[in-house]
Asker: 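Here it is: the structure, laid out below.
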Amino acid sequence: MSYMVQLDTAFFGSMGFSIIFNLRKEKLVPASIGGMFSWGVYLYAETFLSNDALCYVAAAFALTIYAEIMARCCKTPATLLLVAATIPLIPGGSLYKTMCYLIEGNTQAFMTQGVYTLLLAVALAGGILCAMTVWRLIAKCTRAAFMQRN
């Protein structure tokens, strides 16, 4: 599938979930751009990294930094933008395959696919956690430096 189609789909998918989550009109576009951005980072990371989990970490990290910056610009909690923009990264296809193997009774494939799905979910959460930690440390150091100057 073409990269532009994937990015457009990520944009409109995030917008759809933003509408479902009742985000205000002025926050729909930043959240949707965040979804497109996160998928773009994932696609870009895929060209350099062979491990999907590392691509998820990179995309989640970049998305969280984006959400923190846009939260300041839009004067809104970063979580609102982050939740809607994370939608393209959710490993729905992998989860679907996991459930299909379970229903078919293919235990070995179920276990393998289940571990892979769990790995992607943990990578997504880990990327978000790392970015939030880095953001808070930078903010804390910046505030401390500012206070010392004044």
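All values below were derived from every heavy atom in this structure, side-chain atoms included, with hydrogens, water molecules and symmetry-related copies excluded.
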Asker: Mind checking the CD-CG spacing from E46 to N51? Nearest 0.5 Å is all I need.
Answerer: 11.0 Å

Asker: Hey, could you give me the CG/CG distance between D52 and L119, rounded to the nearest 0.5 Å?
Answerer: 9.0 Å

Asker: Taking it one step at a time, do I33 and Y66 satisfy side chain to side chain contact (heavy atoms under 4.5 Å, CB included)?
Answerer: CA-CA 10 Å; I33 290 172; Y66 168 84; 3.6 Å; yes

Asker: Can you see which heavy atom on F21 is nearest to which on V83, and at what distance?
Answerer: CE1-CG1, 3.6 Å

Asker: Run through P30, S32, S18, S14 and flag the one making a side chain to side chain contact (heavy atoms under 4.5 Å, CB included) with L81.
Answerer: P30

Asker: I need the M36 CE to T9 OG1 distance, nearest 0.5 Å.
Answerer: 11.5 Å

Asker: Distance check, rounded to the nearest 0.5 Å: F110 atom CZ versus K97 atom NZ?
Answerer: 15.5 Å

Asker: I need the full list of salt bridge (charged side-chain N to carboxylate O under 4.0 Å, His left out) pairs touching residues 65-76, with sequence neighbours left out, sorted by first then second residue.
Answerer: E68-R72, E68-R136

Asker: Please confirm whether the backbone N or O of Y44 pairs with a side-chain atom of T47, one donor and one acceptor, at under 3.5 Å?
Answerer: yes

Asker: In this structure, would L89 and F12 fall into the same cluster of hydrophobic residues linked by side-chain contacts under 4.5 Å?
Answerer: yes

Asker: Hey, what do you get for CG (L80) to NZ (K27), rounding to the nearest 0.5 Å?
Answerer: 7.5 Å

Asker: Could you give me the CA-CA distance, side-chain angles and deciding distance for L63 and V41, then say whether side chain to side chain contact (heavy atoms under 4.5 Å, CB included) is met?
Answerer: CA-CA 8 Å; L63 171 61; V41 171; over 6 Å; no

Asker: Go through the steps to decide whether M15 and I19 satisfy the test side chain to side chain contact (heavy atoms under 4.5 Å, CB included), and finish with yes or no.
Answerer: CA-CA 6 Å; M15 181 173 279; I19 292 169; 4.1 Å; yes

Asker: Within a strict 4.5 Å, meaning less than it, do heavy atoms of the M132 and L82 side chains meet?
Answerer: yes

Asker: Are Y116 and I103 connected into the same hydrophobic cluster when the rule is that any two of I, L, V, M, F, W, Y join if their side-chain heavy atoms are below 4.5 Å apart?
Answerer: no

Asker: Can you tell me if Q108 has over 12 outside heavy atoms packed within less than 6.0 Å of its CD?
Answerer: no

Asker: Search all heavy atoms of V29 against all heavy atoms of F11 and return the closest pair with its distance.
Answerer: O-CE1, 4.5 Å

Asker: Shared ILVMFWY cluster between F37 and Y3, side chains joined below 4.5 angstrom?
Answerer: yes

Asker: Taking all non-hydrogen atoms of both residues, which atom of A10 and which atom of W39 are closest, and how far apart?
Answerer: CB-CB, 3.7 Å

Asker: Give the minimum heavy-atom separation between T142 and I138, together with the two atoms involved.
Answerer: OG1-O, 2.6 Å

Asker: Within the supplied structure, the quantity of interest is the number of heavy atoms (other residues, nucleotides, ligands) at a distance under 6.0 Å from M99 CE; does it exceed 12?
Answerer: yes

Asker: Just how far is it from atom CD1 of I128 to atom OG1 of T64, taken to the nearest 0.5 Å?
Answerer: 4.5 Å

Asker: State, to 0.1 Å, how close I65 and W135 come at their nearest heavy-atom pair, and which atoms those are.
Answerer: CD1-CE3, 4.1 Å

Asker: Taking atom CZ of F61 as the centre, does the number of heavy atoms from other residues, nucleotides or ligands within less than 6.0 Å exceed 12?
Answerer: yes

Asker: What pair of heavy atoms forms the shortest contact from L124 to A60, and how long is it?
Answerer: O-CB, 3.4 Å

Asker: Check whether any side-chain N or O of S38 sits under 3.5 Å from a backbone N or O of A59 as a donor-acceptor pair, and report yes or no.
Answerer: no

Asker: Any link between L120 and V115 through a network of hydrophobic side chains (Ile, Leu, Val, Met, Phe, Trp, Tyr) touching at under 4.5 Å?
Answerer: no

Asker: When you group the ILVMFWY residues by side-chain heavy-atom contacts below 4.5 Å and let the links chain together, are M111 and L118 in the same group?
Answerer: no

